[in-house]
Protein chains: 2
Amino acid sequence: MSPSKELVDFLNSGHLYMPGISIDCVIFGFHDRQLKVLVLQFKSTDGYALPGGFIRKEEHIDDAARRILEERTGLKEIYLEQFHVFGDSERGRDDTHRKFSRANGIELEADHWLLQRFLSIGYYALVDFSRAMPTPDVFSDTCQWYDLAGLPDLILDHNRIVQQALETLRLMLDNKLVGFNLLPETFTMNELQALYETILDKPLLRANFQRKMLSLEILERLEKKWTGKAHKAPYLYRFQDRH
Amino acid sequence: MSPSKELVDFLNSGHLYMPGISIDCVIFGFHDRQLKVLVLQFKSTDGYALPGGFIRKEEHIDDAARRILEERTGLKEIYLEQFHVFGDSERGRDDTHRKFSRANGIELEADHWLLQRFLSIGYYALVDFSRAMPTPDVFSDTCQWYDLAGLPDLILDHNRIVQQALETLRLMLDNKLVGFNLLPETFTMNELQALYETILDKPLLRANFQRKMLSLEILERLEKKWTGKAHKAPYLYRFQDRH
DNA sequence: TCCTTAAAGTATGAATATGCAACTAAAAGT
DNA sequence: ACTTTTAGTTGCATATTCATACTTTAAGGA
């Protein structure tokens, strides 16, 4: 098979980026009471990977992460935070990139920039599942949501990166009230509770959850949402201060 | 003035390290009811800086941080954690290193590795003040403890790095009980309380603090400490599970 | 129309944690 | 022995959280 122009261009673009450093993004979404993560599937091989990329020579690292995120989801203004640097001494020096390139018709030189050791800065992002438009990158055939529990084996240490992102998310959930970024503009109290229960992986008492959330005085109660179901209609709420 | 051999060797050692990445360490100590930070003073200029260094090509980033820490304090087995990557796009591209080298008799080439953009991984460390042996590095005349409140102006964004390390420390204090790493092996309840009050920058009620700490069941009560003062002798305690 | 069902919203008492103040203990000086 | 001073403890009021029960309301059906 002959390599695509996009791939060749990318493999020749090492001089644009800071050497030895990459960014990997754990992009969380929430749907059907499940926490989801965006995962790419490589072309021609069966490798799965987190969305990632490199830092341009003159680019703030947060801007690099935002750029990667926008490319994969179509969304600007995403809630985004770095959480850890992964710095194993052999990180990136396995044959992941070599095998991928070979499968796509390119043999990488031994000193190719993609074959060097890479640190990776882990970012986690929280997006409104209903607004994200998953879009594959130059390496990938697909860009899809996976249930956190049903993640495939990912390349390198990407499974560990997801785990650590999740731990950070749990720590931040009450601390900084980041959870709202995973929901649409308006939501019911039940949806919010389901989000918390999913992330924390434990059931919460409805009455107490409601009281706690309302006591924070960050929720604006809107009109009711008639669902057509045979029971009292829930209120819709809006978070008063996103991010 | 003619440059020292050590400095010349260091300036020629760029090929040993990962390019574009450094480590900066905020080393906290506690003494006289004050939180202290280790700060270096540059030779021949009046620049102050955090202890820092670079990552060897085959070295885990945590090992690099531990190496830097051991060089500055003489201590192994230090409590150490990365907390943030500082990645401004122009970071490192000011004239700090050029001025320093010039003052020490070396004119750096425009493309010298020290004049490139650098990301920096911030680590904070908690050490037992009484055991640390502050030791300057090749750039520095002195390596000294400074009260957090009395820090001098530091180079680059190092003052901001200290601020962010302090915020992280405050977050972690109860969360992971890291505070004990700032105290000697044994300590009185009063010393522990003073530590907490200093870090959190607020007074705590003695009775409540004691009850809370004891209820955690992580303190082992040892014999009493006779101070020679005209009052009841306090107990000494030991933390049961360092780190 | 009115009763039933189911989920939303609210209220209440118990358990636990925290804030505040007082009390007892003990080491050393007078 | 009495005082001073700090350590350690105790009791109680208040606040927060936990667990459960009660009330409300939209829609379906007798």
Side-chain angles (χ1 to χ4, degrees), chain A residues 30 32-33 170-171 173-177 179-180 183-240, chain B residues 30 32-33 170-171 173-177 179-180 183-240:
Chain A
F30 183 69
D32 268 354
R33 298 188 152 244
R170 283 187 179 140
L171 270 179
L173 191 58
D174 292 300
N175 225 319
K176 292 182 64 181
L177 299 173
F180 300 96
L183 293 176
E185 183 71 18
T186 64
F187 48 85
T188 66
M189 190 59 76
N190 224 334
E191 288 164 345
L192 184 59
Q193 185 180 340
L195 172 65
Y196 269 70
E197 289 181 333
T198 303
I199 295 178
L200 299 176
D201 196 25
K202 69 177 180 192
L204 302 171
L205 288 173
R206 203 170 51 87
N208 296 337
F209 183 79
Q210 170 122 347
R211 203 180 10 209
K212 177 101 170 240
M213 284 297 147
L214 294 181
S215 75
L216 295 173
E217 302 200 336
I218 49 167
L219 293 184
E220 186 182 350
R221 182 177 277 185
L222 309 172
E223 80 284 8
K224 290 189 175 179
K225 177 188 182 187
W226 275 269
T227 57
K229 301 284 179 58
H231 56 75
K232 185 172 177 178
Y235 292 103
L236 286 173
Y237 296 88
R238 189 205 322 272
F239 185 42
Q240 282 176 349
Chain B
F30 182 69
D32 268 355
R33 298 186 153 246
R170 283 188 179 139
L171 271 179
L173 190 58
D174 292 299
N175 224 321
K176 293 181 64 182
L177 299 172
F180 300 97
L183 293 175
E185 184 71 19
T186 64
F187 48 85
T188 65
M189 191 58 76
N190 225 334
E191 288 163 346
L192 184 59
Q193 185 180 340
L195 172 65
Y196 269 70
E197 289 179 333
T198 303
I199 295 178
L200 300 177
D201 195 25
K202 68 176 181 193
L204 302 172
L205 288 173
R206 202 171 50 90
N208 296 341
F209 184 80
Q210 173 121 346
R211 200 169 19 195
K212 177 100 170 238
M213 283 299 148
L214 295 182
S215 75
L216 295 174
E217 304 200 335
I218 49 167
L219 293 183
E220 186 182 351
R221 181 178 278 185
L222 309 172
E223 80 283 9
K224 291 189 176 180
K225 177 188 183 185
W226 276 270
T227 57
K229 301 285 181 56
H231 56 76
K232 183 173 178 178
Y235 292 104
L236 286 173
Y237 295 89
R238 190 206 319 272
F239 185 42
Q240 282 177 346

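Residue numbers start from 1 in every chain, and the chains themselves are labelled A, B, ... in the order their sequence lines are given, proteins ahead of strands. Only this structure's heavy atoms are used, side chains among them; waters, hydrogens and symmetry mates stay out. No experiment lies behind these values; they were computed from the predicted model shown.
- Between the CE atom of A:Met189 and the P atom of D:dT24 there is a distance of 20 Å, rounded to whole Å.
- Checking B:Leu219, B:Leu195, B:Leu236 one by one against B:Phe187, the side chain to side chain contact (heavy atoms under 4.5 Å, CB included) holds for a single residue, B:Leu219.
- Both tests do not hold together for A:Arg221 against A:Tyr237: distance to the six-membered ring centre under 6.0 Å, angle to the ring axis within 45°.
- Within the 4.5 Å cutoff, the side chain of B:Tyr196 has heavy atoms near those of the B:Asp174 side chain.
- In this structure, B:Asn190 reaches the D:dA7 phosphate: one of its side-chain N or O atoms is under 4.0 Å from OP1 or OP2.
- For B:Leu205, the listed nucleotide lying nearest its side chain is C:dC20; candidates were D:dT25, D:dG8, C:dC20.
- Between B:Tyr235 atom OH and D:dT9 atom C1' there is a gap of 11 Å when expressed in whole angstrom units.
- In this entry the distance linking NZ of A:Lys232 with C1' of D:dG28 reads 19 Å, nearest Å.
- Closest to the side chain of B:Arg221, from the set C:dT10, C:dA27, D:dG8, is D:dG8.
- We find that CZ of A:Phe187 is positioned 15 Å from P of C:dA8, with the value rounded to whole Å.
- A donor-acceptor contact shorter than 3.5 Å links the side chain of A:Gln193 to the backbone of A:Leu204.
- Separating the CD atom of B:Glu223 from the P atom of C:dA27 is a distance of 13 Å, rounded to the nearest angstrom.
- Using a 4.0 Å cut-off on heavy atoms, the residues of residues 207-215 of chain B that approach DNA chain C are B:Ala207, B:Asn208, B:Arg211, B:Lys212, listed by number.
- Looking at B:Arg238, its side chain never comes within 3.5 Å of a backbone N or O of B:Glu185 through a donor-acceptor pair.
- Between B:Ala233 and A:Leu236, it is A:Leu236 whose nearest contact on DNA chain C lies nearer the 5' terminus.
- Judged as a salt bridge (charged side-chain N to carboxylate O under 4.0 Å, His left out), not a single pair has a partner in residues 193-212 of chain B (not counting sequence neighbours).
- Rounded to an integer number of Å, the gap from A:Arg206 CZ to C:dT10 P is 11 Å.
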